[in-house]
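Below, each value reflects all heavy atoms present in this structure, side chains not excepted, and no hydrogens, waters or symmetry copies.
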Amino acid sequence: MLEKIQQLKAEIASLEAKTPQEVEALRIKYLSKKGAVSALMADFRNVPADQKKTVGMEINALKNLATEKINALKAATESADELDESLDLSRSASPVALGTRHPLMLVRDEIVSIFSRLGFTVAEGPEVEDDWHVFSSLNFAADHPARDMQDTFFIQRNPDVLLRTHTSSVQSRVMEHTQPPIRIVCPGRVYRNEAISARAHCFFHQVEALYVDKNVSFADLKQTLLYFAREMFGPDTSIRLRPSYFPFTEPSAEMDISCNLCGGKGCGFCKHTGWVEILGCGMVDPNVLDACGIDSKEYTGFALGMGVERIANLKYRVNDLRLFSENDKRFLEEFTHAH
């Protein structure tokens with residue numbers, strides 16, 4: 001019997017299995033009630049009395065060896081099944097369509113990139129602001145219409161805490177804590193109390209730029225605007241400046257670009273004028289510089305601001321502002337190859 005036990009030990013030690021089903025077959029063969037080990041235990045009564053102790057110890061060792069081997073094969077085959085590289089359990093049941101960068105972010109980043117090539121750095125500020133940075137420091141009169149509840153979102157009816165109506169508040173914050181030269185571009189979201197329609201929304205995005213230094217002139221502003229227009233809309237783009245009014249700039253102007261649909265000849269998009277308005281600009285009012293701690297007798301500057309949605313409309317011909325915030329995948333998928 002000892003010889004048979006040794007043969008079984010060698011046989012069990014060399015066992016192999018690739019699947020849980022093969023492991024179960026080996027368990028039945030060696031460890032079931034009718035298996036090889038159980039058969040040896042049944043023959044144990046025929047062993048001479050002087051050999052029972054030795055044979056008994058060997059049978060127990062054989063049983064332990066068989067149990068450990070079967071358990072090891074079971075664990076190995078189950079682990080291999082779980083780690084099957086052909087099966088990715090992290091995948092969803094149905095294909096997930098990849099998104100794309102939002103068109104407003106594409107346009108905003110392009111605007112910032114153009115101004116960065118002129119030496120402007122990005123500056124940001126809070127969307128929940130105070131009256132000083134949004135209005136007072138920017139030369140808004142106490143009775144200016146923009147302060148009215150019809151245009152501005154105030155926080156808990158507190159007239160001193162509001163959602164910023166323009167990113168000019170970032171400019172005033174930078175001027176308060178920085179001495180010229182200052183050359184910044186300020187992208188961000190702004191809020192105004194307006195009815196939502198295809199042409200207006202209660203929140204939108206702006207990019208503003210500010211340059212303050214000694215001897216900054218309107219000619220510097222005009223050259224900056226021309227460079228921006230041609231980088232954004234093409235080298236054949238023309239610009240024109242029309243006198244306008246803003247509390248924080250003097251003189252002020254609205255800038256138009258030649259319609260890039262009709263080449264300035266006139267079409268429905270430009271209302272047959274050949275021109276499309278895109279931004280407001282002007283020389284920083286001396287009152288604004290003084291309010292922010294900059295000597296207006298020594299320094300001058302220019303500022304400009306544009307709506308990102310407006311530029312996106314010109315580039316992509318989007319005729320409904322609501323599409324930018326509705327998160328319709330069909331709309332967003334149109335910009336997969338925009339850049």
Side-chain angles (χ1 to χ4, degrees), residues 1-110 112-113 122 124 126-128 187-189 203 205 316 323-339:
M1 180 171 281
L2 288 173
E3 183 179 352
K4 189 172 184 180
I5 291 174
Q6 295 303 320
Q7 291 177 350
L8 281 173
K9 279 186 177 181
E11 184 178 327
I12 290 172
S14 62
L15 292 178
E16 293 183 356
K18 296 182 179 180
T19 66
Q21 292 77 13
E22 292 180 359
V23 174
E24 179 62 14
L26 293 175
R27 186 194 68 80
I28 294 172
K29 180 178 179 181
Y30 292 99
L31 294 175
S32 66
K33 291 183 178 181
K34 297 182 179 180
V37 175
S38 297
L40 284 176
M41 297 180 74
D43 290 341
F44 181 71
R45 62 178 179 272
N46 300 322
V47 175
D50 60 338
Q51 297 182 14
K52 281 186 179 293
K53 182 178 180 180
T54 303
V55 173
M57 293 177 62
E58 289 294 327
I59 291 175
N60 286 334
L62 174 64
K63 183 178 180 181
N64 291 337
L65 174 65
T67 302
E68 292 175 0
K69 183 67 175 181
I70 297 298
N71 288 339
L73 291 174
K74 182 179 180 181
T77 55
E78 288 179 349
S79 175
D81 186 56
E82 290 176 0
L83 297 176
D84 183 1
E85 295 181 358
S86 65
L87 179 63
D88 184 1
L89 298 179
S90 66
R91 292 185 62 181
S92 61
S94 57
V96 177
L98 295 177
T100 180
R101 295 180 63 199
H102 197 280
L104 293 182
M105 296 302 101
L106 292 172
V107 172
R108 184 201 66 178
D109 291 348
E110 186 175 358
V112 170
S113 175
V122 175
E124 296 180 333
E127 294 182 5
V128 179
R189 179 180 290 184
F203 71 85
H205 300 78
Y316 301 127
L323 290 171
F324 289 124
S325 57
E326 289 180 347
N327 203 30
D328 189 326
K329 284 185 62 178
R330 295 170 299 177
F331 171 72
L332 298 177
E333 286 171 354
E334 295 181 17
F335 301 91
T336 302
H337 304 293
H339 276 231

Indicate the atoms forming the closest heavy-atom contact of Arg330 with Glu334, along with that distance. O-CG, 3.5 Å
When rounded to the nearest 0.5 angstrom, what distance separates CZ in Phe324 from CZ in Phe203? 11.5 Å
Closest heavy-atom contact between Leu104 and His205? CD1-ND1, 3.6 Å
Output yes when a side-chain donor or acceptor of Thr67 lies under 3.5 Å from a complementary backbone atom of Lys63, and no otherwise. yes
Measure the CG-CD distance between Asp328 and Glu333 for me, rounded to the nearest 0.5 Å. 8.5 Å
Apply the test side chain to side chain contact (heavy atoms under 4.5 Å, CB included) to residues Leu26 and Ile70: give CA-CA distance (whole Å), side-chain angles for both, the deciding distance (0.1 Å), then the verdict. CA-CA 7 Å; Leu26 293 175; Ile70 297 298; 3.7 Å; yes
CG of Leu31 to CD1 of Ile12: how many Å apart, nearest 0.5 Å? 7.0 Å
Let's go through Glu127 and Arg189 carefully: what are the C-alpha distance in whole Å and the side-chain angles of both, what is the deciding distance for side chain to side chain contact (heavy atoms under 4.5 Å, CB included) to 0.1 Å, and is it a yes or a no? CA-CA 7 Å; Glu127 294 182 5; Arg189 179 180 290 184; 3.8 Å; yes
For Lys9 and Ala61, which heavy atoms make the closest approach, and how far apart are they? NZ-CB, 4.0 Å
On a heavy-atom basis, which atom in Glu22 and which in Ala17 lie closest, and how many Å separate them? OE1-CA, 3.3 Å
I'd like to check the salt bridge (Lys or Arg N to Asp or Glu O under 4.0 Å) partners of Glu68; sequence neighbours left out, ordered by chain and number. none
I'd like to know if the side chain of His102 and the backbone of Asn327 have a donor-acceptor N/O pair within less than 3.5 Å. no
Taking all non-hydrogen atoms of both residues, which atom of Ala13 and which atom of Lys69 are closest, and how far apart? O-NZ, 3.4 Å
Heavy atoms from other residues, nucleotides or ligands near CD of Glu326 exceed 12 (cutoff 6.0 Å): yes
Going by the side-chain contact (heavy atoms from CB on, under 4.5 Å) test, name the single residue among Leu15, Leu73, Ile28, Asn71 that passes it with Val23. Leu73
Suppose we screen for side chain to side chain contact (heavy atoms under 4.5 Å, CB included). Which residues come up paired with Lys29, at least two apart in sequence or across chains? Glu11
